[in-house]
Amino acid sequence: MKAWIVGRPGPIVTAPLVRVDREDPEPGAGEVRVRVSACGVCRTDLHLAEGDLGPHHPGTVPGHEVVGVVDALGTGTRRFAVGDRIGIAWLRGTCGRCRFCRTGRENLCPDARFTGWDADGGYAEYAVVPEAYAYALPAQLDDATAAPLLCAGIVGYRALKRAELPPGGRLGIYGFGASAHVVAQVAIAQGAAVHVLTRSPQARELALALGAASAGPAEAMPPEPLDAAVTFAPVGGLVPVALRALDAGGTLAIAGIHLTDVPALDYERELFREKQLRSVTANTRADGEEFLRLAAALGVRPTVDPRPLSTADRVLADLAGDRITGAAVLLPD
């Protein structure tokens with residue numbers, strides 16, 4: 001099969017992504033293989049390629065927003081049959097024994113494994129996944145639309161829950177890429193006033209088109225105090241900016257696996273009056289199942305920029321240069 005791997009991690013201009021020929025993977029016990037029909041491009045893929053996240057083993061195939069059709073079954077599989085359309089997401093495995101797994105917090109499992117980091121992902125013609133960590137996909141969602149929902153959507157949804165937005169509340173979103181523009185649709189559909197703060201003029205236009213109450217530059221103050229906020233941009237300097245925009249009792253959730261350093265915080269201006277600051281770590285499978293049902297019911301649809309799989313290296317360069325609006329999705333050549 002044709003696949004892309006992370007060769008030597010480094011700045012995207014050094015071409016860390018390399019196209020190779022590999023043997024088709026074979027599913028092991030409890031695993032299924034899919035022929036990939038779409039793979040979303042996530043900023044985490046860029047962090048892995050550039051070395052912000054250290055590789056867990058050399059030559060990994062990135063990609064963890066994978067849609068495909070099951071074409072081979074490993075021994076002992078029961079959930080899916082050949083021909084089923086399924087999704088592969090970031091969370092790939094947990095121990096099932098630790099205190100986090102036993103209390104419904106498997107996203108915090110110290111032995112968790114992740115698609116496209118610990119095992120090969122979807123920048124390829126085929127991918128393998130433990131069937132217990134795959135998702136049945138709603139029929140309403142076509143392949144390209146469903147792909148970004150499998151990470152951008154699911155993890156963004158967890159971030160929204162961590163931000164504790166009250167019903168009909170005022171939500172600030174900092175950065176407006178693949179995950180943020182999905183979360184905005186969920187919040188707007190549920191009656192929130194959404195204020196988007198981002199450096200990209202094109203992203204601000206998209207935010208307003210999706211129904212945001214306002215859209216301004218990343219470090220601007222929103223037109224009203226916020227009940228909750230989520231930072232999607234991997235920029236630590238936005239943390240105090242977002243905290244200052246919160247009303248008393250508001251919560252800021254940081255949604256990202258990588259963040260540049262956060263400046264020193266001014267307690268009185270940025271944390272006092274019971275403001276909360278939270279991080280977000282991956283998601284549980286329950287988050288994924290809940291979000292996919294909700295997305296189908298609310299009619300959430302990502303803005304998709306389809307690209308051929310053969311251009312994956314250029315797509316990551318476009319992502320690094322903020323030249324993608326919405327979510328890029330790799331499709332078979």
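Any value given below was found using the heavy atoms of this structure, including those in side chains, with hydrogens, waters and symmetry copies removed.
- Considering only heavy atoms from C-beta on, L265 comes within 4.5 Å of L243 through its side chain.
- Checking V194, L294, L171, L165 one by one against V186, the side chain to side chain contact (heavy atoms under 4.5 Å, CB included) holds for a single residue, L294.
- Atom CG in L238 sits 8.5 Å away from atom CG in L259 (nearest 0.5 Å).
- Partners of E224 according to the side chain to side chain donor-acceptor pair (under 3.5 Å) rule, which considers only residues two or more places apart in sequence or in another chain, are H195.
- What you find for L316 and A49 is that their closest heavy atoms are CD1-CB, 4.0 Å.
- Exactly one of R105, E106, R99 qualifies for a side chain to side chain donor-acceptor pair (under 3.5 Å) with T103. That residue is R105.
- Taking the ring axis of Y133 as reference, the NZ or CZ atom of R285 stays within 45° of it and closer than 6.0 Å to the ring centre.
- Residue pairs meeting the ring-ring contact (aromatic ring centres under 6.0 Å, His included) criterion with at least one partner in residues 299-329, sequence neighbours excluded, are absent.
- Under the 4.5 Å side-chain contact rule for hydrophobic residues, I154 and I173 share a cluster.
- Evaluation of the side-chain contact (heavy atoms from CB on, under 4.5 Å) rule for A245 yields Y174, M221, P222, L226 as partners, not counting sequence neighbours.
- Listed by first then second residue, pairs satisfying ring-ring contact (aromatic ring centres under 6.0 Å, His included) with a partner in residues 135-155 number zero, not counting sequence neighbours.
- Of all the heavy atoms in G326 and L206, the pair that sits closest is N-CD2, 4.2 Å.
- Atoms OG1 and CG, on T311 and L309 in that order, are 7.5 Å from each other to the nearest 0.5 Å.
- For S179, there are no side chain to side chain donor-acceptor pair (under 3.5 Å) partners at least two apart in sequence or on another chain.
- For Y157, the ring pair (Phe, Tyr, Trp, His ring centres under 6.0 Å) partners two or more places apart in sequence, or in a different chain, are F291.
- With sequence neighbours excluded, the residues forming a side chain to side chain donor-acceptor pair (under 3.5 Å) with R158 are D287, listed by chain and number.
- Residues W117 and T44 are not in side-chain contact: their nearest non-hydrogen atoms beyond the backbone lie 4.5 Å or more apart.
- Sorted by first and then second residue, the pairs that involve residues 14-52 and meet ring-ring contact (aromatic ring centres under 6.0 Å, His included), not counting sequence neighbours, are H47-H258.
- The closest side-chain heavy-atom distance from L330 to V36 is not below 4.5 Å.
- Residues passing the ring pair (Phe, Tyr, Trp, His ring centres under 6.0 Å) test with H64 are W90, sequence neighbours excluded.
- Residues forming a side-chain contact (heavy atoms from CB on, under 4.5 Å) with R244 (at least two apart in sequence, or on another chain): P240, V241, R269, E270.
- For the side-chain contact (heavy atoms from CB on, under 4.5 Å) test, residues two or more places apart in sequence or in another chain that qualify with A189 are L298.
- No more than 12 heavy-atom neighbours from other residues, nucleotides or ligands sit within 6.0 angstrom of CG on D261.
- Within the structure, side chain to side chain donor-acceptor pair (under 3.5 Å) contacts touching residues 141-150 (residues at least two apart or in different chains) are S37-D143, R85-D143, D142-T145.
- In terms of heavy-atom proximity, G116 sits nearest to L48 at O-CD1, 3.4 Å.
- Of all heavy-atom pairs spanning L149 and A295, the tightest one is CD1-CB, 4.2 Å.
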